[in-house]
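Heads up: numbering here begins at 1 and tracks the sequence. Excluded from the calculations below are hydrogen atoms, water molecules and symmetry mates; all remaining heavy atoms, backbone and side chain alike, are included.
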Amino acid sequence: MSFKNISCNIPDDSRFATILFILSFSLALILRSAFEISYPQINGDYAHLALKAKNFIEGHGFTYGRVSLQNISDVKYETWNLWPNGFSMLIVLLYYFTGSLINAMVLSQMAGVILLIFGLLRVCKALQLNKLTQSLFLLFTAFTATPYTYLETTDLLTAGLFLWAITLTIELCTNEKRSLWKEAVIGILLFLSATLRYACISNIVIIPCFFMFFSWIKKDRKTFFSGIAIMAYAAIPTFIFYSIYTILPSRSSIANDLIHLRFSGLIDSTVYWSSLKWFDAFPLKAFFCTLPLEFRLPHDLFVTKAARLLEDGIALLILSYLGWYFFRKRSWVKGLKENNPVDIFALLSIPFFIVIIATISLQSLTMPLEQYHIPWMSAGMTAVFITRYFVVPLLIIQVLFFLLLQDALKRKTAIKYMHGIVVAWFILFMSINIVHCAYSIYQYRADKKNNYSYWNKGKYMIGIHETLNQDAKKNPGVNIVFVTSAEARSVCDPTIYSWSTNMVFQYDSIIGGKFQHTKPVIVYTLMQRNSLSGVEEEFISNFKAQKISENDDKVLYRTYME
């Protein structure tokens, strides 16, 4: 059978369509949730956000605890907003359901992926995708590594919130009457996204401006006032939120300048034009996870450039064809006037692309490269290189493709032979993603130590986290200090937000006894077992440190000091 003969029109109420949809939905929900559980994001930035949640629960507000070597038994709590407090607030809420900060963080990941999947379904329903196409989309979601491999918890949450906001926008635009509650909900969703990530602050203007443009196309004042109302619902609480929880200027100067309407800082910024050469090929990554290939490429400049040019070329082709199909071969102005949901969604995608890409580019242009050890990047890493920052445009590309696939299956594409190419493309990326998924599961199951799971890699540190928590319960009011050698520090994050525990990074000073305390204090030290120095052995002897646990080449000691 040739591709040109492919045509599929299965009624939505047929038994086959219903069974396929239920199966696809179940697979997407189970496999995506299993992925989030296997790879919990409980370290790095999220550990610091959980630390703020811990301090809030302990009655110190959303702060960081600081311990001075002059008195390690005394903790000073400081407000230092490296990231928005929205995620910390969510962790506090989930903690009261789970009773564990680690479980609360994992649950937030699952909540993000569930919100995202249901958001995709709501968008598909609003765009009148049939059950077969929705099922194919869900199967793709179930087996694909992209974008989920690239995303972190706040990306999942904010992307899900935006999808729900987009759905309500389409529903408002296709309805002749205003819906005040939907306007309020859209504003609240935009506000919540801004509390989770600084980059989402600029996105508040996208949907309100779209309503204003849509009102101009339709000559309809109702839609204009809807845009004004949504802007008020989103912008006012966002301004209040960031007035209370101010952004640390050195951390995110662009967001800080935008929220306080200070444009002089942007104008006077140093421009790093070279950053833009690392622009991510996110349209390609909407369908294929390129990380396994990129990490296996030879560290050769010619190979790197050739691979990046190929990625960029394919990404440009994808974006060009989708743009041509939805804006040149469709009567989108007529569709807007007739409240066609597909044309509304396609037009809404333009400001999302422009604002998000402009914000990320501005971030890259006005901030120096961050030094990361990425083999194929000589200078460092910049914001335009990070796929997860493009999550909303990336999801929009996926939705546009499945709209195109539905037309292809119905043989309604603009050029006759193109429906075969679209179907072939779908078969190609589905085949690659299923093989990749199967290989990943094989790797995970075949490795006796489960080194492919972040959860299992960090199991020892999660165990230390629980040890510290139990010690805090037995010794109420006693400060616990945790220090780790530089060699053992890579996986210490879960201990940051253990109860009554504060990290001290002056390891050499603690081990050398160069500290003071005025009250009883418990000191935990994590050392490299096979390479103890004379100073470390002397510390163990002088302070009568007790060995609590060991794992591979790491050993944990506990010292109680009166």
Which pair of heavy atoms, one from [X] and one from [Y], lies closest together, and at what distance?
{"X": "P147", "Y": "L394", "result": "CB-CD2, 3.4 Å"}
{"X": "L94", "Y": "A104", "result": "CD1-O, 3.4 Å"}
{"X": "Y198", "Y": "L82", "result": "CE1-O, 3.5 Å"}
{"X": "A232", "Y": "P237", "result": "O-CD, 3.7 Å"}
{"X": "I170", "Y": "P341", "result": "CG2-CB, 3.8 Å"}
{"X": "L161", "Y": "S193", "result": "CD1-N, 3.7 Å"}

Take a 6.0 Å sphere around [atom1] of [X] and say whether it holds more than 12 heavy atoms from other residues, nucleotides or ligands.
{"X": "F327", "atom1": "CZ", "value": "yes"}
{"X": "Y96", "atom1": "OH", "value": "yes"}
{"X": "K125", "atom1": "NZ", "value": "no"}

Sub-4.5 Å side-chain heavy-atom contact between [X] and [Y]:
{"X": "V384", "Y": "S361", "answer": "yes"}
{"X": "V392", "Y": "L395", "answer": "no"}
{"X": "T146", "Y": "L291", "answer": "no"}
{"X": "Y233", "Y": "V185", "answer": "no"}
{"X": "Y64", "Y": "H48", "answer": "yes"}
{"X": "F345", "Y": "V342", "answer": "no"}
{"X": "Y325", "Y": "L404", "answer": "yes"}

Under 3.5 Å side-chain donor-acceptor pair for [X] and [Y]:
{"X": "T63", "Y": "E78", "result": "no"}
{"X": "T359", "Y": "S202", "result": "yes"}
{"X": "D280", "Y": "T387", "result": "yes"}
{"X": "N103", "Y": "Y95", "result": "no"}

Got a donor-acceptor contact below 3.5 angstrom from the [X] side chain to the [Y] backbone?
{"X": "S33", "Y": "I30", "result": "no"}
{"X": "N175", "Y": "L172", "result": "no"}
{"X": "D343", "Y": "F326", "result": "no"}
{"X": "S320", "Y": "L317", "result": "no"}
{"X": "Q406", "Y": "N130", "result": "yes"}
{"X": "W164", "Y": "L115", "result": "yes"}
{"X": "Q134", "Y": "L129", "result": "yes"}
{"X": "S88", "Y": "L49", "result": "yes"}
{"X": "T246", "Y": "S243", "result": "no"}
{"X": "S349", "Y": "A346", "result": "yes"}

Could you go through the ring-ring contact (aromatic ring centres under 6.0 Å, His included) check for F402 and W425 one step at a time?
CA-CA 11 Å; F402 280 93; W425 178 262; over 10 Å; no
Taking ring-ring contact (aromatic ring centres under 6.0 Å, His included) as the test, write out the residues that go with F25, two or more places apart.
F118
Return the [atom1] to [atom2] distance between [X] and [Y], rounded to the nearest 0.5 Å.
{"X": "I230", "Y": "I207", "atom1": "CD1", "atom2": "CD1", "answer": "7.0 Å"}
{"X": "Y245", "Y": "T79", "atom1": "OH", "atom2": "OG1", "answer": "9.5 Å"}
{"X": "L284", "Y": "I397", "atom1": "CG", "atom2": "CD1", "answer": "10.0 Å"}
{"X": "S24", "Y": "L29", "atom1": "OG", "atom2": "CG", "answer": "12.0 Å"}
{"X": "I201", "Y": "F191", "atom1": "CD1", "atom2": "CZ", "answer": "11.0 Å"}
{"X": "T167", "Y": "L127", "atom1": "OG1", "atom2": "CG", "answer": "7.5 Å"}

Between R32 and Y148, is NZ or CZ placed under 6.0 angstrom from the six-membered ring centre and within 45° of the ring axis?
yes
Can you check side chain to side chain contact (heavy atoms under 4.5 Å, CB included) on F162 and L190, steps first, answer last?
CA-CA 7 Å; F162 274 122; L190 296 176; 3.6 Å; yes
Begin with the C-alpha distance, continue with both residues' side-chain angles, and end with the deciding distance and a verdict on side chain to side chain contact (heavy atoms under 4.5 Å, CB included) for T223 and F210.
CA-CA 9 Å; T223 312; F210 172 78; over 6 Å; no
Test side-chain hydrogen bond (donor to acceptor under 3.5 Å, both in side chains) on Y46 and T154; report intermediate values, then the result.
CA-CA 9 Å; Y46 291 106; T154 48; 2.8 Å; yes
Check the pair L138, L121 against side chain to side chain contact (heavy atoms under 4.5 Å, CB included), reporting the backbone distance first and the verdict last.
CA-CA 9 Å; L138 286 167; L121 285 177; 3.9 Å; yes
Run through F282, Y150, F352, F385 and flag the one making a ring pair (Phe, Tyr, Trp, His ring centres under 6.0 Å) with F390.
F282
Ring pair (Phe, Tyr, Trp, His ring centres under 6.0 Å) partner of F401, the single match among F429, F140, F137
F429
Does the pair L120 and V399 meet the rule for a side chain to side chain contact (heavy atoms under 4.5 Å, CB included), with working shown?
CA-CA 8 Å; L120 283 171; V399 173; 4.2 Å; yes
Check this for me, if you would: do E171 and R122 make a salt bridge, where the nitrogen-to-carboxylate-oxygen distance has to be below 4.0 angstrom?
yes
